[in-house]
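The structure under discussion appears below in the form of structure tokens.
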Amino acid sequence: MVDYHASNNQSSSGHMEQENDWDRDLLLDPAWEKQQRKTFTAWCNSHLRKSGTQIENIEEDFRDGLKLMLLLEVIAEIVDGNAKMTLGMIWTIILRFAIQDISVEETSAKEGLLLWCQRKTAPYKNVNVQNFHMSWKDGLAFNALIHRHRPDLIDYDSLRKDDPVTNLNNAFEVAEKHLDIPKMLDAEDIVGTLRPDEKAIMTYVSCFYHAFSGAQKAETAANRICKVLAVNQENEQMMEDYEKLASELLEWIRRTIPWLENRTQEKTVNDMQAKQEDFRDYRCVHKPPKVQEKCQLEISFNTLQTKLRLSNRPAFMPSEGRMVSDINGAWHTLEGAEKGYEEWILSEIRRLERLEHLAEKFHQKAAIHESWTDGKEAMLTQKDYETSTLSEVKALLRKHEAFESDLAAHQDRVEQIAAIAQELNELDYYDSASVNARCQKICDQWDTLGAFTHGRKESLERTEKQLESIDELYLEYAKRAAPFNNWMEGAMEDLQDMFIVHNIEEIQGLITAHEQFKSTLAEANKEREAIQAIQAEVQKIAQSNGIKLSGSNPYTTITPQSIDSKWEKAMDMVPLRDTALQGELNKQNSNDTLRAKFATQANTVGAYIQAKMEEIGRISIEMNGTLEDQLTSLKEYQKTIMSYMPEINTLEGYHQHIQEALIFDNQYTSYSMEHLRVGWEQLLTTIARTINEVENQILTRDAKGISQEQLYEYRASFNHFDKDHSGALMAEEFKACLISLGYDVENDKQKRSGQMVSEDFRALLISTGNSLGDSEFARIMSIVDPNGSGAVTFQAFIDFMSRETTDTDTADQVIASFKILAADKTFITAEELRRELPPDQAEYCIARMAPYVGADAVPGALDYMSFSTALYGESDL
């Protein structure tokens with residue numbers, strides 16, 4: 001509201017001097033003298049008629065003093081009937097009995113009356129009351145005063161500013177007829193005067209003030225109701241904001257958890273690493289704002305509860321499923337889903353990596369086997385022995401025995417192929433169908449080869465008795481060449497074998513095995529040379545005996561050339577294997593460096609978070625400086641903590657490198673990235689919560705007028721009984737703390753001084769047996785611990801102590817205010833509410849007040865009593 005009298009705030013004596021100035025200056029004007037004579041005569045008659053008399057001439061009728069004695073208890077002497085002296089005396093009487101007692105917001109009489117007029121006429125167009133002369137000349141101000149209090153008497157919208165005489169006469173006639181205010185002014189005199197007399201206007205306006213003084217009480221009552229309703233509206237807005245934010249956060253959690261619980265398997269490592277990248281983006285981009293929203297939600301909830309307690313309102317209970325504990329529970333479920341999802345991704349990457357390795361190994365071994373079996377069925381089913389000589393048959397038999405040896409040697413490879421296929425099936429390989437088909441084909445072919453081998457052997461043995469002259473030397477060559485050839489094939493297969501390791505120890509094991517293999521090469525080479533010597537011996541015997549050889553060994557297809565060729569290939573593979581193993585060793589050394597770098601940073605960050613959590617715990621229970629000093633220190637401390645964020649980001653970068661390198665363990669640290677992320681989030685939440693607690697303490701102190709010394713005393717008592725420094729008191733600790741502050745809960749009509757002399761305290765302990773009354777203590781606990789958690793926070797403790805030692809608005813006070821607006825009725829109407837209250841608060845009341853059902857009810861009557869008690873939780877709206 002505009003402060004119209006801010007520049008005129010002077011003492012009462014100053015205004016009396018101003019009145020004397022008016023006497024000296026203005027009464028010299030004949031036009032003003034005429035107005036004053038008429039106004040003052042009418043004013044005197046308004047009082048004298050109560051005694052059955054009146055005056056016609058103000059100078060002559062007061063000369064004998066009789067009528068003046070009826071008007072005054074003590075009359076001053078009138079000298080020679082002086083008109084100006086008489087008018088001045090009458091003005092003094094008017095000023096003393098009609099104006100001087102007027103006061104609005106502790107202003108002087110004139111200023112108070114002017115301020116009252118300004119406030120009442122403020123909403124009306126073409127009205128701007130700045131004084132008691134020119135502002136009233138067009139008559140609109142008089143009509144506005146009447147319409148403001150009695151709108152049924154004036155049709156204000158029909159008045160015109162350019163018709164002052166009509167306006168003035170309308171106001172004077174309505175005032176005299178309906179408000180019992182005599183006509184003290186003439187419209188023509190006011191309009192015809194350059195500057196209407198100020199005293200005459202003030203005298204007449206003061207009659208309106210007194211006529212409408214009852215409405216002032218209604219305005220005061222309306223202001224009180226507006227204040228209460230404003231607090232309630234603000235609290236309801238905060239409740240709506242909390243519900244909206246809580247709903248949005250819970251909805252986000254509800255949408256996110258199914259994504260984290262999705263276990264749809266991918267076919268390749270690259271596909272799973274894409275999922276891993278999506279999860280990393282979620283942790284670093286999408287989740288941090290939600291962490292901040294969760295923290296802000298908790299802070300808003302605490303602030304709202306504090307404001308409700310300070311305004312003597314019932315505690316806010318969010319709708320079902322939106323309590324802070326519900327949100328914390330949902331958040332815990334979310335973090336559990338995160339942990340499970342990340343573990344599943346790593347597990348799937350390992351599984352797919354293993355599957356890809358096994359699949360490649362399967363197809364490699366299958367290709368080698370299929371290459372070996374190519375043509376074997378045709379060889380085993382031919383009938384060459386039917387037309388062969390005895391020596392040829394024996395040769396065929398020996399050759400078949402060598403083939404059987406070779407077949408038995410390949411049995412291990414077939415079993416390996418089947419075992420790899422079985423493992424691929426167990427690990428749920430996506431292309432298991434093709435693997436199984438190929439494996440089944442190999443097994444079926446192997447069975448066929450076995451059957452054909454057995455059949456051919458039986459055929460050769462039937463003709464063996466008829467065949468002789470077997471070349472023992474060829475046989476020895478075949479027998480030694482076959483296993484040696486198989487050994488070379490196995491060696492080449494091993495030298496080409498794929499490997500996967502995860503640490504230095506594993507690769508060193510492979511290197512050791514490879515070195516052991518190389519140490520056997522000398523002996524193997526001796527065996528190769530011995531086999532080649534057998535073939536050389538055959539050539540020597542043939543040449544020395546003139547034997548014409550067929551050009552090939554009848555017992556084996558393994559030629560000396562093929563042995564030398566395979567040996568050279570195997571020797572070429574050895575350095576390649578050396579290079580591959582050394583490369584993997586270098587990779588594992590690099591991975592170990594990554595582990596050490598991450599561990600060093602993780603150990604530093606973990607120690608920092610732990611130290612800062614402990615420091616915050618100490619700060620929250622210490623009392624250094626004022627609350628403002630503590631708040632400033634905490635915010636600076638928060639900035640210090642936030643400046644550490646680059647170290648967290650550095651650690652995240654190391655962790656990304658670790659994951660990209662597919663490193664799954666780290667023996668250098670006990671910290672995981674997930675553990676440190678949770679610790680960092682808890683640190684940020686704790687400092688924000690501590691700052692909010694101090695802000696609420698400041699809010700409580702300022703609202704309740706608690707001194708800094710009282711807060712120190714409360715904090716010292718609270719810390720003394722908070723033995724475990726948890727920031728909360730258990731029920732028995734809280735009870736002991738109340739006793740230490742001299743709070744006698746055994747007495748329902750206890751003193752609220754917060755102090756207790758030693759004798760009273762001793763008597764209390766004796767009377768209560770060192771314990772508080774169960775019923776009274778239960779009442780206190782229901783206030784400080786409405787959720788029944790069994791613990792009392794320091795904020796709840798301060799709220800209780802401040803509530804017990806200070807006064808707040810009550811339902812009875814609000815009811816009394818509504819009763820004034822309703823003119824002492826037990827109900828109120830919508831019209832009265834709209835007339836006395838601002839529009840938004842009037843509509844707020846109308847929308848929430850129940851209909852009044854008493855015997856004296858009228859149509860549209862509203863029950864303001866039940867509405868008032870509902871504001872303080874004593875009934876339901």
Side-chain angles (χ1 to χ4, degrees), residues 232 234-257 260 286-311 313-339 613 616-617 620 634 638 677-700 718 722 726-731 734 781-800 803 873:
N232 215 60
E234 181 182 0
N235 291 341
E236 287 186 357
Q237 185 61 47
M238 290 186 70
M239 293 176 190
E240 292 176 4
D241 293 343
Y242 172 89
E243 291 280 350
K244 180 177 182 293
L245 185 56
S247 298
E248 292 174 351
L249 183 57
L250 287 170
E251 176 60 20
W252 177 81
I253 293 174
R254 184 191 67 78
R255 294 195 312 268
T256 304
I257 287 178
L260 294 173
H286 300 290
K287 185 183 177 186
K290 298 303 177 182
V291 173
Q292 182 63 29
E293 288 181 13
K294 176 177 175 291
C295 179
Q296 184 59 44
L297 190 68
E298 185 176 338
I299 290 173
S300 299
F301 180 84
N302 293 335
T303 301
L304 173 59
Q305 297 293 42
T306 299
K307 288 187 175 183
L308 289 172
R309 286 192 292 269
L310 293 177
S311 59
R313 301 306 199 275
F316 169 56
M317 291 298 293
S319 57
E320 184 177 358
R322 293 182 176 86
M323 293 287 291
V324 172
S325 59
D326 296 326
I327 295 171
N328 288 335
W331 192 263
H332 180 72
T333 302
L334 174 71
E335 292 182 332
E338 288 177 5
K339 184 175 183 298
M613 287 295 288
I616 293 173
S620 65
L634 282 171
Q638 186 182 43
R677 287 189 191 116
V678 172
W680 178 251
E681 291 170 1
Q682 289 178 346
L683 176 62
L684 297 182
T685 300
T686 300
I687 186 63
R689 186 184 298 116
T690 303
I691 290 173
N692 178 247
E693 288 177 356
V694 175
E695 291 174 338
N696 284 340
Q697 290 175 31
I698 293 174
L699 183 62
T700 302
F718 188 90
D722 184 15
S726 64
L729 300 180
M730 295 299 102
F734 177 58
M781 285 300 293
S782 68
I783 296 173
V784 299
D785 183 23
N787 295 327
S789 65
V792 181
T793 65
F794 180 62
Q795 183 61 44
F797 173 67
I798 288 181
D799 291 342
F800 171 74
R803 179 176 180 177

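All values below come from the heavy atoms of this structure, side chains included, with hydrogens, waters and symmetry mates left out.
Across all non-hydrogen atoms, the minimal contact from Ile327 to Ala246 is CD1-CB, 3.8 Å. Closest non-hydrogen pair, Met730 versus Ala791, comes out as CE-CB, 3.4 Å. For the pair Gly790 and Asp785, the tightest heavy-atom approach, listed with the atom from each and the gap, is N-OD2, 2.7 Å. Residue Ile257 comes nearest to Ala330 through the heavy atom pair CD1-O, 4.4 Å, listed as atom of the first residue, atom of the second, then distance.
By the 4.5 Å heavy-atom criterion applied to side chains, Val324 and Leu297 are not counted as neighbours. Counting heavy atoms from C-beta on, the side chains of Cys295 and Leu684 never come closer than 4.5 Å. Contact annotation: the side chain of Glu695 approaches that of Asn692 to within less than 4.5 Å [non-hydrogen atoms, C-beta and beyond].
Taken from CD1 in Ile691 to CG in Asn696, the straight-line distance is 12.0 Å, to the nearest 0.5 Å. Rounded to the nearest 0.5 Å, atoms CE (Met239) and CG (Leu308) are 4.5 Å apart. Rounded to the nearest 0.5 angstrom, Thr256 OG1 and Glu251 CD are separated by 9.0 Å. Summarising the geometry, atom CG belonging to Leu304 is positioned 11.0 Å from atom CD belonging to Gln237; distances are rounded to the nearest 0.5 Å. For the atom pair CE (Met323) and CG (Asn328), the distance works out to 10.5 Å, reported to the nearest 0.5 Å. With rounding to the nearest 0.5 angstrom, the CD atom of Gln682 is 14.5 Å from the CD1 atom of Ile687.
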Test log, rule side chain to side chain contact (heavy atoms under 4.5 Å, CB included), inputs Asn787 and Met317: CA-CA 10 Å; Asn787 295 327; Met317 291 298 293; 4.3 Å; yes
CA sep, side-chain torsions, deciding dist, call: Thr793, Glu693, side chain to side chain contact (heavy atoms under 4.5 Å, CB included): CA-CA 10 Å; Thr793 65; Glu693 288 177 356; 5.8 Å; no
Intermediate values then yes/no, side chain to side chain contact (heavy atoms under 4.5 Å, CB included), Lys244 and Asp241: CA-CA 5 Å; Lys244 180 177 182 293; Asp241 293 343; 5.7 Å; no
Side chain to side chain contact (heavy atoms under 4.5 Å, CB included) evaluation trace for Ile253 with Thr333: CA-CA 9 Å; Ile253 293 174; Thr333 302; over 6 Å; no
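When the ring-ring contact (aromatic ring centres under 6.0 Å, His included) test is applied to Tyr242, the partners found at least two apart in sequence or on another chain are Phe301, Phe316. Here Arg322 pairs with Glu243 under the salt bridge (Lys or Arg N to Asp or Glu O under 4.0 Å) rule; sequence neighbours left out.
Residue pairs that meet the salt bridge (Lys or Arg N to Asp or Glu O under 4.0 Å) test with at least one member in residues 287-298, sequence neighbours left out, are Lys287-Glu335, Lys287-Glu338, Lys287-Glu681, Lys290-Glu293, Glu298-Arg689.
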